[in-house]
Structure formats: C-alpha cells, structure tokens
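Structure record follows, encoded as structure tokens.
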Amino acid sequence: MTKRTQVAIIGSGPAGLLLGQLLLKAGIDNVILERHTREHVLGRIRAGVLEQGTVGLIDEAGCGRRMHREGLIHHGIELSLRGQRHRIDFNDLVGKSVMVYGQTEVTRDLMDARAGIGAPTEYEALNVTPSGYDGTQPIVSYLKDGAAHELGCDFIAGCDGFHGVSRHSVPESALTVFERVYPFGWLGVLADVRPLSHELIYVNHARGFALCSMRSPTRSRYYIQCDASERPGHWPDDRFWEELRRRLDPEAGAQLATGPSVEESIAPLRSFVAGPMRFGRLFLAGDAAHIVPPTGAKGLNLAASDVHYLAEGLIAHYRSGSDAGLNAYSARALARVWKAERFSWWMTSLLHKFSDSGAFGERIQLAELEYLVGSRAAATALAENYVGLPF
Ligand SMILES: Cc1cc2nc3c(=O)[nH]c(=O)nc-3n(C[C@H](O)[C@H](O)[C@H](O)COP(=O)(O)OP(=O)(O)OC[C@H]3O[C@@H](n4cnc5c(N)ncnc54)[C@H](O)[C@@H]3O)c2cc1C
C-alpha cells in the first residue's frame, strides 16, 4: 500500500520526535516509522541533562509543561579529585544553568503530544528502507503486521540512532567516518534512593571514574567506569555500591544512600562522527550521524541542535521556497557537533583512568584538574561548554 507525507522520519527517539513536533507546529505533515514498540522506546534509560537550548526547543515544540514542573535546575557541578570536592558554579561563571530531566520523560512528553493531535507513528515498522533520495521522489518502504508498505515523501529524516538503517543506506564511499573507541565503559545503576547531592558529582579516582547523578529528588543514577568486557550480571547491587563508595570522598561515601537497582546497564564509550549529514533528500540527525561518550552529557543535546537546524531548513523550504537552510544544514550541524565532540573527549580524558597512560599521564591529569578548579578562566571554559554552546 502506498501512502504519502511531506517528511518521512525514521526513528522515534528524541531527534525524530522533536523534529516531528516542530514540523507539525509549522503545518508540515510527517510520519514517524519506528522499529520497536512505544513501551520499548520508553523503557530505555539514557540521558538526563538538558542544555538551555534543548529546553527552549522542547518549549518551542509545545511540550515543556511537565519538564518545567518536574525538572531540576542545576546551577553547577562538583568535581572530586584527591578525595576532595570542588564546585564549578555555572551561574557565577557564565550566568546559565542546565535542567535535569530524564530522556525517557522527554520522549514520553513528545509521544503524548504527538498522539494527542493524532499525528501518525508506525511502531513495529520492520525492514525500513529509504530509497530514491538522490532524486526528487524519495520512498521509504517497510513491513507492518506482515504487509508491505511504501511511504512516498519530499524528504527523509534519518533519526534512527547509531545502529539505524539511514546512514547504512548511503554508499560507503560517500561518507567520511571519524572514530575513537575507548577501552572502558560505564556501568550504570538506577535506584529509588535519594540522590547523594543536589548536583552532579564527577569523580576522578585512582580506581576509575564515577558519576553521581539523578533523575528526580527520589531517583538516583550512578555510574562507575568499568572494563569494556564487563557484563551487568557480574555486578550484584552490593558489589556496585561498595565499588562506588570506594571512589567517593569520605563524606560523600558516608552519605551515600543505597538500595535495590531498578535498572542496570553497561554503555561502551565511543566518539564517532560521519559526514556529510545530507545526501540529496536524506538528512541524518542525532546519533545516526554522531556519538559522544556520555561524560559531557552532550548526546541528547546534539540531537536537539541538529533538529533545530533541520527544522529551520525544512520550514523555510515549505514557507518561502528557500533551500538555503537545507543546503547549509550539514555544515552548520557538523560545526557544532565537532565542538561537542571535542568537549566530550576532553572531559573523558580528564576524568577516566587510562591503563596505558602510566604515572606521567596520571600526574598530568591531576595537574589539569587542579588548574581547572583553581583558575576562573579554565573553569569558565568548562562551564561554557557544559551548559551548551549557542545553536
Ligand atoms: C546506554 C546509553 C546511555 C546514554 N547516556 C547518556 C547520558 O547520560 N547523557 C547524554 O547526553 N546522552 C546519553 N546517551 C546518548 C543519548 O541517549 C543519545 O544521544 C540520544 O538518544 C540520541 O537520540 P536520537 O533520537 O538521535 O537516537 P536514539 O535515541 O537512538 O533513537 C533512535 C530511534 O530509532 C529507532 N530505530 C533504529 N533503527 C531503526 C530502523 N531500522 N527502523 C526504524 N526505527 C529504527 C530506534 O529504535 C530508536 O527509537 C546515552 C546513550 C546510551 C545508548
């Protein structure tokens, strides 16, 4: 069966949903094709820190009400080194803050808004295949409930994450890929216990990095650096809490509230950029084109900035017939992506234990951290990037 829409969006993660909503607000119809169920997408525990630009975009999409009610405004972070904590005060340094609000909640709000106006999302769409995008009549074919479908469209937005089909549909020779895979991962635990602190604590420790984060005043998210080959099953709750406590300063260790994990997962750490982000009438956005290690809390925020540039380009195309925004999309998005890649790589290098860097590498890392917490200029550079560079 053949259907038609203006923009076919592949993937119902934050990038696809936000793009869909911004386009609907501008009167541009779109269909989202998602290979999983709604419940599966909502069950993925991922990012939690939103830059002000991302918050603004969610507001622009008309989906910010619950976020402003339940999200936590953070005016700084703490860095723990040599067993002592030092605060980086974003408000004082750059006059900005970030919002802690889980990716699952962002996704739920966007999905609910979409369902509320009856905009179409095809969940469990299998074998999604984009084609014809190098011409004027792109098509996305897929299987749903065993039947074959074709969706004709003006443009395809590939918002289908790192393992999605969109980037893989492009001939390899048309893509340039830049990649760094780190030799460790993050073991993450979600638990219904009060957070250790009202702000995030980033820990540099001889046993490895740790991060104390949260999703709400009663739900905490903790991470410890682990070997890339580790499996969550190797880490019963007691072992996790004991290892986390060993990496914290004594005061934090004593205050840490523990409890049964609600979710446990291991995320590999990778820096990855594929460019360009446009191939004829196919545009890549979010993790489909780039991945950052989560240390700088940039993944979801980069998906949002891509969507901002892409939505602007598409809206100008339909409103005024100007393709200047679409033509500039890849260069504009990549310019910001590379700055966030640099920041995420730098935060990762600064805070993790690298087994091959030796005693010299460890001393350099500590010297840089001490410079950072002792220099207003250095702390300002961290704060400026953490709260998010302008779109
Ligand atoms: C375990 C983990 C932890 C993370 N933690 C953080 C964090 O703490 N901070 C941070 O900023 N970022 C974090 N990230 C990154 C952040 O979650 C992503 O950057 C963000 O989800 C990107 O959104 P997206 O919409 O581009 O991609 P995704 O969220 O990956 O969404 C892509 C969607 O496309 C769908 N899809 C894929 N293939 C197909 C197909 N063939 N057909 C149809 N649909 C398809 C997928 O099911 C998915 O719903 C984490 C990522 C992971 C994996």
Side-chain angles (χ1 to χ4, degrees), residues 8-20 31-51 54 98-104 106-107 110-111 121-130 140-144 151 156-169 185-190 200 202 211-215 221-223 232 263-272 277 283-307 310 333 337 340-341 343-344 347-348 386 388:
I9 299 174
I10 307 177
S12 162
L17 287 164
L18 195 51
L19 179 66
V31 173
I32 297 185
L33 303 172
E34 164 60 50
R35 79 168 154 198
H36 288 296
T37 61
R38 176 187 150 96
E39 290 65 39
H40 177 96
V41 176
L42 284 172
R44 291 188 303 223
I45 308 295
R46 291 182 169 182
V49 178
L50 308 182
E51 297 172 358
T54 305
V98 291
M99 167 89 79
V100 171
Y101 189 63
Q103 176 168 335
T104 40
V106 173
T107 308
L110 289 164
M111 280 180 172
T121 303
E122 298 273 29
Y123 291 103
E124 298 180 89
L126 303 178
N127 290 359
V128 172
T129 310
V140 185
S141 55
Y142 61 99
L143 285 177
K144 168 90 181 160
L151 181 62
I156 302 172
C159 302
D160 46 351
F162 184 64
H163 300 288
V165 65
S166 300
R167 189 181 73 252
H168 290 112
S169 77
W186 280 16
L187 171 62
V189 158
L190 188 72
L200 273 66
Y202 286 83
L211 173 62
C212 306
S213 180
M214 73 284 291
R215 291 293 179 266
R221 181 70 163 160
Y222 291 104
Y223 298 95
E263 191 261 4
E264 194 187 36
S265 58
I266 291 187
L269 263 64
R270 180 195 301 269
S271 299
F272 175 93
M277 289 170 63
F283 297 84
L284 302 180
D287 279 17
H290 42 75
I291 295 282
V292 285
T295 327
K298 291 284 167 255
L300 170 57
N301 293 299
L302 273 185
S305 61
D306 289 353
V307 162
L310 184 53
V337 164
E341 289 282 348
F343 179 67
S344 306
M347 285 280 279
T348 304
Y386 196 96

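When a ligand or atom number is given, it counts from 1 through the structure's own listing order. These values consider heavy atoms only, across backbone and side chains, with no hydrogens, waters or symmetry-generated copies.
Ligand 1 lies nowhere less than 4.0 angstrom from a heavy atom belonging to Ser265. For the ligand labelled ligand 1, residue Cys159 lies inside the 4.0 Å heavy-atom shell. Contact annotation: Arg44 has at least one heavy atom less than 4.0 Å from an atom of ligand 1.
Looking at atom 1 (C) of ligand 1, its nearest protein heavy atom turns out to be Ala267 CB, 3.8 Å.
With a 4.0 Å heavy-atom cut-off, ligand 1 is reached by the side chain of His36 but not by its N, CA, C or O. At a heavy-atom cutoff of 4.0 Å, ligand 1 is contacted by no atom of Leu302, backbone or side chain. Contacts between Lys298 and ligand 1 below 4.0 angstrom, taking non-hydrogen atoms only, involve the backbone exclusively. For Val128, every heavy-atom contact with ligand 1 shorter than 4.0 Å involves the side chain, none the backbone.
Here Thr121 pairs with Arg114 under the side chain to side chain donor-acceptor pair (under 3.5 Å) rule; sequence neighbours left out.
Among Ala285, Ala47, Ser213, Gly286, the residue whose heavy atom lies nearest to atom 8 (O) of ligand 1 is Ala47. Counting heavy atoms only, Pro14 comes closest to atom 23 (O) of ligand 1 of the residues Ser166, Pro14, Gly13.
For Arg221 and Glu263, the salt-bridge test passes: some basic side-chain N is under 4.0 Å from an acidic carboxylate O. A salt bridge links Glu51 with Lys298; the closest basic N to acidic carboxylate O contact falls under 4.0 Å.
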